[in-house]
Amino acid sequence: MLPDPVLLQDVKGFLGEEEGRRIYTLALEVGGRGPCLEIGSYCGKSTLYLGAACRESASILFSVDHHRGSEEQQPGEEYFDPELWDPRSRTIDTLPTFRRTIARAGLEAVVVPLVCSSAVAARAWATPLSLVFIDGGHAEETVRADYLGWSDYLIPGGYLLFHDVFVDPARGGQAPFTVYRQARDDGRFDELSMTETLGVLRRKGRSKNRIFSLL
Ligand code: MG
């Protein structure tokens with residue numbers, strides 16, 4: 001079942017409703033074949049969609065974020081939100097809000113928050129993944145590091161998703177689009193249709209299940 005619309009309305013975030021429905025559908029399709037992972041949890045909006053699909057497919061969602069906000073969410077920047085400022089640490093801290101979102105959605109037994117940078121989480125990773133959603137820092141080297149750090153873990157048939165893919169440079173920053181194109185052209189993925197700014201690639205190759213069924 002899709003997340004509760006009232007809860008979705010309450011949670012801060014930049015994911016459109018159609019984009020959310022698409023990632024829910026894709027995660028529901030492949031979640032039963034392995035855990036999903038998202039980079040850039042923020043306050044948990046995409047987590048609601050992915051978590052709901054993982055719960056339904058008896059999967060798990062790893063949700064990676066240092067919760068200190070991206071460059072553009074720092075004081076004085078375009079997306080700074082004073083409600084997310086922690087006066088004690090004098091930093092952005094989205095973790096309490098994220099935890100509240102997960103608790104309200106009843107997803108604490110489905111979502112595993114990894115409170116660290118994507119690079120740290122990737123360093124010792126070894127688990128095959130059915131879906132990777134890249135929506136962390138939007139600097140080109142950050143998006144590329146997320147792509148290179150995680151795409152190897154995708155199972156055949158697994159989905160690699162990029163958020164904020166702006167084909168038209170007048171509508172938004174080009175870093176996710178640049179890395180999305182690099183991934184699309186690297187020969188390991190099939191390109192599926194986009195939903196708004198959500199880029200969807202599928203890892204080529206036979207699924208493990210099909211290989212097993214041939215043996
Ligand atoms: Mg985004």
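Because only heavy atoms are used, hydrogens play no part in the values below, and waters and symmetry mates are left out as well, while side chains stay in. When a ligand or atom number is given, it counts from 1 through the structure's own listing order. Worth saying up front: this structure is predicted, and the values here are computed from it rather than measured.
- Ring geometry for Trp85 versus Phe80: interplanar angle over 60°, hence perpendicular rather than tilted (30 to 60°).
- Of all the N, O or S atoms in Asp135, the one closest to the Mg ion (ligand 1) is OD1.
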Take Arg68 and Thr91 through the test side chain to side chain donor-acceptor pair (under 3.5 Å) and record every step on the way to the result.
-> CA-CA 7 Å; Arg68 296 303 191 197; Thr91 61; 2.9 Å; yes
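- In the displayed structure, Glu17 atom CD is contacted under 6.0 Å by at most 12 heavy atoms of other residues, nucleotides or ligands.
- Ring geometry, Tyr147 versus Phe162: the interplanar angle falls from 30° to 60°, so the pair is classed tilted.
- Distances from the Mg ion (ligand 1) to the N/O/S atoms of His163 are shortest for ND1.
- Restricting Asp164 to its N/O/S atoms, the shortest distance to the Mg ion (ligand 1) is reached by OD2.
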